[in-house]
Undergrad: 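I'd like to ask some things about the structure below.
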Amino acid sequence: MKRLLSLALGVMTAIGGFVDIGNLVTSGVTGARFGLSLVWALAFGTLAMTLYGEMSGRITAIAGRPVFHLVRERLGVRMAMVNLAASLLLNLLTVAAELGGVGLALYLASSISYILWVPIIGFLVWFCIWRIPFNVIDNVFGLLGLALVVFVVALVRLHPDWHAMGAAAIHPVVPAGEGHATWFFYAVTLIGACVVPYQAFFFSSGVIEEGWSEKNLLEVRVNALVGFPLGGALSLGIMAAAVPVLEPRGIEVDHLGQVALPVTAALGKVGLIIALVGFFAATFAAAVESALSSGYILAQYFGWTWGKYRTPARAPRFHAACLITVILATGLVLTTIDPVKITVISVALGAAAIPLTFFPVLVVANDREYMGRHVNKGWVNVLAMLVFIVLVIVSVATVPLLFWTKAGQ
Amino acid sequence: MTEWQHQVCDANDLLLDRLILDCDGQPAGMVDDLELTETPGSALVVSAILCGPTALGPRLGGRIGTWWLAIGRRLRPLDDPYPVRIPFGDVVALDRRQLTVRRPGAENKTWRLRDWVYEKVIRRIPGGTR
């Protein structure tokens, strides 16, 4: 019974943890602009994250090695350094985007400009990293993030034309008046929102933070195999809710507030409040997680002591790295750069960088000396290779698409 | 090339970029490079593990590597030889994932940055001395 409860808790926090500012923005934007014609990209992104998330969690539980150790071990110092630099930059953009997201959620609730909230939020994010135990952050914000289920409730209450929506999802066509390049660019952002590098680093380092080993393999796998797909389903709910409300009116989402419009339309103020709680929890948790990830990957590349399970005095470099990340990200948001734009750019670049992280994971998941009898099964490898090939194509196409479409304008 | 459990593998597979644990099981750095010494029989043996930016820089190569080495060299105490050297005799256990050394991390010069960050930053933040 206790095991079952802890499994359920893990799954629920994994759902909440999967959805962050990237999913909120890309699902809202694409639902309003392209209807359900990009569901395939969301489904693919979720599949990729589930598959590789499970592998990296399994490796960490069995071999005791978090992802960035493997990156350095298997890519060599130079490529791993490239990956480290790219991932640190992306993490910085992500933390900035999440901080902006929390600020926007608080602005929607209080009408006080998000810029004024950002320094306070930055401080709170750092305070959580400094003082609050890992599993408290994970559980509290993960569970609060489930408030986003209100989008699914709103969708049902809006009585959309289910048949037409299903047909649009299964037979994707580029909507009239939109270019193919823009459509594909947003497909990349949806994929990138699901396979953000920090989530892979955080998920595997989390296994060590929780003190999990081979006997907790069930928890690790259930979190990834059940939690992540349900998180993807939640993103789909946000996308689908935008379709009956925003798409026919031609409302383009360029602000977090517009993502919540379908909920307000269907459920009024109460719905909006619940949605804002969900926005706050999802983005705040993601800000903490992405800032922690910078500390994790630096420490794992250089062999520093790391982890929230160690006191700051025992992992000073790790804590200093997290602190610097939060300070830089807060500074970046305070330049009044548009948080929604940072989000779109960071998820697109994230999709471009991810193969460098997933490749060593796939290699080690097949290494018998590390994994013993827990190596990948044949069909997992086939699926993982196919996913990897698509991700490489995405990664090559991302930067040209980014400039060609001027980040999706 | 060394014989390792009847399998031929090179130092790359076995040693480079592995985690170093100290005698208390704490991470003490990474195997950034290896020192090879020629024995009388003209065979090369691994005589020490090299750590820190002055060992990593040359392996990174290119301009970044040169900078890395230069920064590491300038930040070290003047009278210190570089790079940090852990004699191979201090290694008590190794497998493909990690190696364990006999001395505690605090005696290891790889913890200099750690100690500096603790003294100058972390200790001064309330709650940092926990």
Side-chain angles (χ1 to χ4, degrees), chain A residues 59-60 62-66 68-82 84-85 123 126-127 129-132 208 295 298-324 327 360 363-364 367-372, chain B residues 4-5 7 9 12-22 24-33 49 51-53 55-62 64-65 68 72 95-99 105-106 108 110-130:
Chain A
I59 292 171
T60 314
I62 302 294
R65 281 289 161 276
F68 224 83
H69 264 299
L70 308 176
V71 169
R72 175 158 173 190
E73 220 179 271
R74 298 299 160 123
L75 290 185
V77 269
R78 297 187 65 168
M79 278 315 278
M81 181 61 93
V82 172
L84 179 68
F123 174 78
W126 169 77
F127 185 78
I129 294 174
W130 187 249
R131 233 37 235 258
I132 313 290
I208 292 187
L298 270 168
Q300 289 160 16
Y301 183 96
F302 291 111
W304 300 344
T305 44
W306 59 271
K308 275 186 57 53
Y309 66 97
R310 290 192 171 95
T311 61
R314 293 193 167 277
R317 290 165 295 189
F318 165 75
H319 270 279
C322 296
L323 172 61
I324 292 168
I327 292 174
V363 172
V364 174
D367 190 324
R368 276 196 189 275
E369 251 187 273
Y370 279 59
M371 301 299 292
Chain B
W4 186 257
Q5 289 179 349
Q7 257 183 315
C9 53
N12 233 339
D13 290 335
L14 193 61
L15 275 174
L16 282 176
D17 300 315
R18 295 314 195 261
L19 181 66
I20 305 170
L21 296 176
D22 72 359
D24 306 315
Q26 298 297 312
M30 296 293 256
V31 181
D32 288 322
D33 208 350
I49 288 157
C51 312
L56 185 65
R59 275 189 72 218
L60 282 173
I64 298 278
W68 208 267
D95 61 25
R96 273 187 64 206
R97 282 176 266 169
Q98 63 201 32
L99 50 91
N108 227 313
T110 52
W111 273 13
R112 269 193 317 228
L113 177 65
R114 176 190 153 121
D115 297 337
W116 186 87
V117 171
Y118 177 68
E119 280 302 319
K120 302 286 176 189
V121 187
I122 298 299
R123 202 170 60 86
R124 301 177 183 202
I125 304 172
T129 48
R130 274 181 294 151

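Proteins come first, then strands; the chains are lettered A, B, ... in the order of their sequence lines, and each starts at number 1.
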Undergrad: At a 4.5 Å cut-off on heavy atoms, which part of A:R65 comes close to chain B: side chain, backbone, both, or neither?
TA: side chain
Undergrad: A:W304 pairs by side-chain contact (heavy atoms from CB on, under 4.5 Å) with which of B:T110, B:V117, B:L113?
TA: B:L113
Undergrad: Hey, does the side chain of B:R97 reach the backbone of A:A63 with a donor-acceptor pair shorter than 3.5 angstrom?
TA: yes
Undergrad: Do you know which two heavy atoms are closest between A:G303 and B:P27, and how far apart they sit?
TA: O-CB, 3.7 Å
Undergrad: Might you point out which heavy atoms bring A:H319 and B:I122 nearest each other, and give the distance in Å?
TA: CB-CD1, 4.0 Å
Undergrad: Give the minimum heavy-atom separation between A:P312 and B:G127, together with the two atoms involved.
TA: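 Minimum heavy-atom contact is CG-O, 4.3 Å.
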Undergrad: Mind listing the closest non-hydrogen atom pair of B:V31 and A:R72 along with its distance?
TA: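 Taking B:V31 first and A:R72 second, the nearest heavy atoms are O-NH2, 4.0 Å.
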Undergrad: Using the salt bridge (Lys or Arg N to Asp or Glu O under 4.0 Å) rule, collect all pairs that involve residues 310-321 of chain A, keeping only residues at least two apart or in two chains.
TA: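 Listed by first then second residue: nothing to list.
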Undergrad: Which atoms of A:F318 come close to chain B, meaning under 4.5 Å heavy atom to heavy atom: side chain ones, backbone ones, both, or neither?
TA: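 No part of it gets close to chain B.
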Undergrad: If you draw a 6.0 Å radius around CD1 in B:I64, do more than 12 non-hydrogen atoms from other residues or ligands fall strictly inside?
TA: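 Incorrect, the count does not exceed 12.
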Undergrad: Against chain A, work out which of B:L21, B:I20, B:D32, B:V121 has the most heavy-atom pairs shorter than 4.5 Å and name it.
TA: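 Of the options given, most contacts go to B:D32.
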Undergrad: Using side-chain heavy atoms (C-beta onward) and a distance below 4.5 Å, is A:D367 in contact with B:R96?
TA: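 SC-SC contact between A:D367 and B:R96 confirmed.
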Undergrad: Please report the closest heavy-atom contact between A:V77 and B:L60, naming both atoms and the distance.
TA: O-CD2, 3.8 Å
Undergrad: Under 4.5 Å heavy-atom distance to chain A, tell me which part of B:D115 shows up: side chain, backbone, both or neither.
TA: neither
Undergrad: Do you know which two heavy atoms are closest between A:H69 and B:M30, and how far apart they sit?
TA: ND1-CE, 3.6 Å
Undergrad: Measure from the side-chain N and O atoms of A:W130 to the backbone N and O of B:P126, and report whether any donor-acceptor pair falls under 3.5 Å.
TA: yes
Undergrad: Is chain A contacted by the side chain of B:L56, its backbone, both, or neither, given a heavy-atom distance below 4.5 Å?
TA: side chain
